[in-house]
Every structure is written in structure tokens, then in C-alpha cells.
Amino acid sequence: MTQLPTSFHVLIAGGGISGLSLALFLNKAGVSCSIYEAYGYKATIGAGFNIAPNGMNVLDALGLAERVTAAGAVSEEFCMRNGKGKVIANLPNGSVEKYGQQGVSLSRAALYDILLQELKEQGITIQYQKRLCDIRQNEDGVTAVFTDGTRVTGDVLIGADGVHSATRQLLFPEAPVPAFTGMKNYGGFAPLSALPEMTTREINSLNFTFGNDGFFGYCAAGNGMAMWWSNLPSDAPFTKEELDSTTVEEVKTLMEDRYKNYHAPIPALIAQTEKVLKVNVADIASLASWHKGRVLLIGDAAHAVSPSAGQGASMALEDAMYLGMLLRDAGVGSYAAAFRKFETDRKPRVEKIVAEGRRRGKSKNILRPWQAKIRDWMMAIFIPLFAPKNFDWLYRYKLDWQMKY
């Protein structure tokens, strides 16, 4: 196998899940890299998510699956209910026997801490407050220019800087911008000790309630906490001012008023909430290309997906592992072939998932009572029929680090 020269260096723009995990895989492959993050380190950044079995298999390849499982809560099944608490449908969230890992729910901050600790142990540092403002390419390399005047040069630049990627905007100024899906997302965390109404089954499940006044999801999140999220349809996204002025009391008041008649433990979850967030749900349906010259987009920068798909974190992890393997196996000067193969192999899968996220989001619209009854009836019939096959397609995807791709 002809590998990249030892002098080959990868610049990573973005210190999120895809950027951090890519750095770990590159280091595992013996490929030099450095990470540049636009913001400062935030210990409590973001909400939470479920990492599906396919994503947990990627973390296992980094030796981190046990740590992530210990920091989170295993979600054994999906459980769909109506607003009164009647179970509409339920199905397994994968299994160790079938997929190698189970799904795990945890806060984004907890996953960041694990990735950052591993980077620290491997001697890889992140440079914060490095906001990308220009990219300059030539036959010898690529230079990233930041707003503070810093310039760094490497052989390739990987844009792992999220849904509002500066790398994407600089690389493809005419490309589609992230589109508001018509859903606003609210979320929060509450201590499990304050929620005696939350049953063992609910603690071990991803719980989705489809009521007449909106969608509400909740689960355990590890470290003695539960997390919840609510997707509400809207004609317009939050403004920057609305996002910046978010307070715990504002979100709790809004949620308590809307969901006061929903089944337990939803009212208690809201009442006991200690941390909240608001975000606009956006996605990118398709980019004509993910790479140009020495620059490649991965993760949400290339294919932002609605959280309704439940695969955002797992897609970022898959991207990082596959790109790490391709760059590991690339011959001298063959990064271009690696970029092309990455896009060719990954695009069909992630674009199908983006479309699925949009489709699922439509089931969260607020309906009239008679419409909600029809929806519940259809979910009860079609979820057991079709969902297991769809989950199998998602979860069985597994990369083998030992193989050459």
C-alpha cells in the first residue's frame, strides 16, 4: 500500500463532532492534522441526541464506545404515544447481537468532553476563536485565512464547520444555503431524581408523543439527567435576537402552557427543567459537489439533516471514519481520488437520510383531533410494517478499519 508522505498535513475547520472524530481517525492512521474552531470552548454547548448503533460502531473503532455508553443512557426501544399516553407503536432501537452496539442517548456536551479528552491524551490540540474568512489554493497546498489575521497552510482543508459552514460559503458561494424546514425546536434537561413519574420503560426508551398540541420527545440522558425536545411548526424561523434572549423561564412558560394536558411525565419534565435551548431546524437537501480542489466538506457542512432523522451525529461519525480511511490509504498526491470516492460513496446514503428527516418532520405538524386520530391509526399500522426494514438499512452500515477502501 502506497501511503501519503509523512509531511502530508490536513487542516480541519470546525471543532464539532465530525471535526474532532476526523482528527482522531487521522491520528490513528498516522496522518498529521490540526483543528481550528470558530468559537471559544463551551463546556455546556448544545442539547442532546441519540447516537444510533451505526454511530456507536464508529465510536467503538476509536475505542470510545464504552465511555460514551457510561456517560449516556442506552435507549432500547422507540415508543410512540398519543397525548393521553396511549402507546401507538413501539419497536426495538437495534441490538448488540444484530448490529454490534445499541443506541445511546446523551448530551452533546458529554460527547464533546469524551472526544476532547481523547484528543488531549493523544497530544492533539484545538485552536479556538479561529473564524475562517478566506481559502487560497495552489498546486502546492491550501492556505486557510482567519479573521484574526492567522494564516495556516496544509495539503488539504476539510470543512467540518457545521450547517452554517464558512468553508462551504467560501468554496461554493452560489450553492444552496441551509433551508428552514418549518420547524422550531425547543429542548431542555431535568434531573431524573425529580421525576418519579418517569417509568423504567420510559427511562430505557426514546419516547415520542404525538398529541393535538404538538410533538414532544423525551428520554434519559445519562449522568442522572433526562432530556426533552419539542418540534413546533412555524412559518418563520427564530430571529437572532430571539435566540440570543432565550431564558429558562421563557421556554418553561411556553412549554407548560402548551403541554399542560399531556400525559405524565411531560408536565413534570417541563416544570423540573434546569437548562433550555431554542434552535431553528434547518437542512441542506443536496449540493452539486462536496469538494473543489484541495477542499472537502463533511458532516453538516455537506449534508445537514433534520434531527427528526435521528442520524445527524451518526452521519458525522461515519463521514469522519470513512474519510480517515481513504486518506490513510491514498497514494502520494492521490487526495483528489480520495475526495471523489468519499463523495461518490457517501452521497446516496446521506441524501436519502436527509429526505427521510424531512418526511418525518411532517408527522409533527399540529392537527385537528380527527386528523390526529387518522395519523395515530396509520402509525399503528405502518410503523411495525415498514420501520424495522428502514432501521435495518440505517444500522447495518458498518466500516472495517482494517480494510482498504
Side-chain angles (χ1 to χ4, degrees), residues 10-26 33 35-38 46 49 51-52 54-55 58 108 132 135 137 142 144 154 156-181 279-327 330 335-358 394 397 399 405:
V10 179
L11 306 177
I12 301 173
I17 295 171
S18 57
L20 300 184
S21 52
L22 174 61
L24 291 171
F25 278 115
L26 290 175
C33 68
I35 310 169
Y36 304 89
E37 166 58 39
F49 41 54
I51 304 177
N54 50 304
V58 176
R108 186 178 294 269
L132 189 68
I135 300 170
Q137 302 189 59
V142 58
V156 296
L157 169 65
I158 307 302
D161 44 354
V163 62
H164 300 293
S165 167
T167 310
R168 184 182 63 244
Q169 293 168 16
L170 292 167
L171 196 64
F172 302 118
E174 304 303 319
V177 297
F180 177 55
T181 63
V279 295
N280 294 312
V281 179
D283 65 17
I284 300 174
S286 179
L287 296 178
S289 179
W290 293 350
H291 66 94
K292 184 177 180 180
R294 293 176 176 268
V295 185
L296 171 73
L297 305 174
I298 69 170
D300 280 352
H303 49 73
V305 59
S306 163
S308 296
Q311 280 284 320
S314 296
M315 291 296 96
L317 290 163
E318 286 182 6
D319 277 3
M321 183 171 181
Y322 192 46
L323 180 59
M325 298 171 74
L326 291 174
L327 289 177
Y335 68 86
F339 285 3
R340 288 193 298 271
K341 183 168 177 56
F342 176 84
E343 181 175 326
T344 298
D345 291 350
R346 292 291 297 159
K347 221 168 189 244
R349 176 172 171 82
V350 300
E351 289 187 351
K352 181 176 178 180
I353 292 169
V354 170
E356 175 67 10
R358 280 249 174 177
L394 286 168
Y397 180 92
L399 298 165
Y405 282 81

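In this chain, residues are counted from 1 in sequence order.
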Check your understanding: If you measure from CD1 on I158 to CD1 on I12, what distance do you get to the nearest 0.5 Å?
Key -> 7.5 Å
**Study point:** Atom of S314, atom of I51 and distance for their closest heavy-atom approach
**Key:** OG-CG2, 3.9 Å
Review point. Taking only residues two or more places apart in sequence or in another chain, which ones pass side chain to side chain contact (heavy atoms under 4.5 Å, CB included) with Q137?
Key: I135, V142, L171, R294, V295
Check your understanding: How long is the gap from CG on L287 to NE2 on H303, to the nearest 0.5 Å?
Key -> 9.5 Å
Practice item. Report the distance from atom CG of D319 to atom CZ of F342, rounding to the nearest 0.5 Å. Key: 3.5 Å
**Study point:** Any pair counted as side-chain hydrogen bond (donor to acceptor under 3.5 Å, both in side chains), so long as it reaches residues 166-180, sequence neighbours left out
**Key:** D161-T167
Study note, to complete from the structure: CG (L157) and NZ (K292) are apart, to the nearest 0.5 Å, by 13.5 Å
Revision key, fill the gap. Nearest heavy-atom contact between L326 and A338 is CD1-O, 3.5 Å
Check your understanding: Does NZ or CZ of R349 lie under 6.0 Å from the centre of the six-membered ring of Y397, at an angle within 45° of the ring axis?
Key -> yes
Compile the donor-acceptor pairs under 3.5 Å between side chains in residues 19-26 and protein atoms, sequence neighbours left out, one pair per line.
unit_1 : atom_1 : unit_2 : atom_2 : d
S21    : OG     : I17    : O      : 2.5
S21    : OG     : S18    : O      : 3.3

Study note, to complete from the structure: All heavy atoms of I35 vs all of G14, minimum pair found to be CG2-O, 3.7 Å
**Study point:** pair H164-D300: side-chain heavy atoms closer than 4.5 Å
**Key:** no
**Study point:** Shortest non-hydrogen contact between F180 and V281, atoms and distance
**Key:** CD1-O, 3.5 Å
Practice item. Any chance you could measure R340, atom CZ, to W290, atom CH2, to the nearest 0.5 Å? Key: 15.5 Å
Point to revise | Exercise: identify the closest heavy-atom pair between G15 and E37 | key: N-OE1, 2.6 Å
Exercise for review: Check A301 against G159 and note the closest heavy-atom contact, atom names and distance.
Suggested key: CB-O, 3.5 Å
Check your understanding: Hey, mind stepping through Y36 and L132 against side chain to side chain contact (heavy atoms under 4.5 Å, CB included) and telling me if it holds?
Key -> CA-CA 9 Å; Y36 304 89; L132 189 68; over 6 Å; no
Exercise for review: With rounding to the nearest 0.5 Å, note down the distance linking CZ in F49 to CD in Q311.
Suggested key: 12.0 Å
